[in-house]
Amino acid sequence: MRVLLIEDDAILGEAVRDHVAAGGHAVDWVRALDDARAAAKAVNYALILLDLRLPDGSGIAFLRTLREAGDRTPVIILTAHDQISDRIEGLNSGADDYLVKPFNLGELSARMLAVARRYGGNPSPVIRLGPLEIGPADRRIVSDGREIILSGREWAVLDTLLARPGATVSKGQIEEALYAFGSEIESNTVEVYVSRVRKKLGHDHILTVRGVGYRLGTSA
């Protein structure tokens, strides 16, 4: 996933960014709402991690503005506010989940994937694709009793395709999932990683739509 992290605390922000990136996701970390607004306009994020108290305004106000504009990007609130009234306000303003600081980074990963499954139309923790059993939450793929291991960026490619079942995903959309702002994008990176995933899963599971992109499938 391409994730927008909005957090002004340097220590927590760095820890969350590094943990999420280690899971194979591209992370853009900003510390103020002005930067968050600019990033949200530039990129179609799969998920936003949102602090509520920011130096230039309220995270709740930012969230409400997103929802009023019709932006359905899933949002998980990360905040030190632990009052029930604060949680209710966040959820009623359009948040999809809520984590109170300090939180376990493993729990954050699980909640991120749970929200992504709901938005991607795959509520089950296990996705079946032909003989493949894919568990995005625990990063596990089994085919006929054999476990298949993917790297972080290979998972980023597969997650992007799984989030759009039956749809064709463009090269640009996959690049967004692989790279954060400031990363150098090589011209053939998407092709290289799609080829690697195909080799591991089986060539029939990722189809090329010429001139458009890629989609999951079991036949041409």
Side-chain angles (χ1 to χ4, degrees), residues 1-41 43-126 135-140 152 155-156 159 162-163 177 180-181:
M1 292 185 289
R2 182 76 174 268
V3 178
L4 176 60
L5 170 62
I6 308 170
E7 170 60 64
D8 67 325
D9 184 280
I11 295 176
L12 178 60
E14 183 175 3
V16 171
R17 180 198 61 192
D18 292 349
H19 177 78
V20 174
H25 309 293
V27 185
D28 296 323
W29 174 24
V30 299
R31 305 187 187 193
L33 289 177
D34 280 347
D35 294 330
R37 294 185 189 99
K41 288 180 180 178
V43 176
N44 292 319
Y45 288 100
L47 180 70
I48 295 174
L49 302 176
L50 175 65
D51 185 19
L52 292 186
R53 283 193 173 181
L54 295 154
D56 56 346
S58 164
I60 289 291
F62 171 80
L63 175 57
R64 286 175 177 162
T65 299
L66 283 183
R67 296 302 187 235
E68 288 168 2
D71 191 321
R72 298 182 65 252
T73 304
V75 174
I76 298 177
I77 289 176
L78 311 177
T79 183
H81 298 184
D82 60 357
Q83 298 295 319
I84 293 297
S85 58
D86 294 324
R87 300 187 194 190
I88 291 172
E89 182 182 23
L91 294 170
N92 285 344
S93 296
D96 298 273
D97 206 346
Y98 203 112
L99 268 176
V100 176
K101 302 173 185 177
F103 50 81
N104 180 276
L105 291 172
E107 181 180 2
L108 172 62
S109 294
R111 288 176 181 265
M112 288 172 58
L113 291 169
V115 168
R117 284 199 306 270
R118 292 199 298 270
Y119 271 77
N122 292 310
S124 171
V126 176
D138 57 5
R139 288 293 193 254
R140 192 164 187 263
W155 267 110
D159 280 338
L162 289 171
F181 285 134

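Here the structure is a predicted model, which means the values were calculated and not measured.
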Where is the tightest heavy-atom contact between Y45 and L4, given as atom of each residue plus distance? CD2-N, 3.5 Å

Can you give me the closest heavy-atom contact between H19 and G106, atom names plus distance? NE2-N, 4.1 Å

All salt bridge (Lys or Arg N to Asp or Glu O under 4.0 Å) counterparts of D34, not counting sequence neighbours: R37

CZ/R2 to CD1/I48 distance, rounded to the nearest 0.5 angstrom? 12.0 Å

What closest approach, in Å, do A80 and K101 show between heavy atoms, and which atom pair accounts for it? N-CD, 3.9 Å

Can you see which heavy atom on W29 is nearest to which on E7, and at what distance? NE1-O, 2.8 Å

Please collect all salt bridge (charged side-chain N to carboxylate O under 4.0 Å, His left out) contacts where either partner lies in residues 62-75, sequence neighbours excluded, each pair once. R64-E89, R67-D96

Could you list the residues that satisfy salt bridge (Lys or Arg N to Asp or Glu O under 4.0 Å) with R53, not counting sequence neighbours? none

R111 vs V115 side-chain heavy atoms within contact, under 4.5 Å: no

How long is the straight-line distance from CG of D35 back to CG of D8, given to the nearest 0.5 Å? 12.0 Å

Measure across S93 and L63 and return the closest heavy-atom pair with its distance rounded to 0.1 Å. O-CG, 3.6 Å

If you count the non-hydrogen atoms of other residues, nucleotides and ligands that lie under 6.0 Å from CG in N44, is the total more than 12? no

Reference residue L49; test side-chain contact (heavy atoms from CB on, under 4.5 Å); the match among I77, V75, L78: L78

Would you please name every residue forming a side-chain contact (heavy atoms from CB on, under 4.5 Å) with I88, sequence neighbours left out? I84, N92

Measuring from atom OG1 of T79 to atom CD1 of I76, what distance do you get when rounded to the nearest 0.5 angstrom? 14.0 Å

Closest approach of L33 and G57, non-hydrogen atoms and distance? CD1-C, 3.5 Å

All side-chain hydrogen bond (donor to acceptor under 3.5 Å, both in side chains) counterparts of Q83, not counting sequence neighbours: none

With A36, which residues qualify under side-chain contact (heavy atoms from CB on, under 4.5 Å), at least two apart? I6, V30, F62

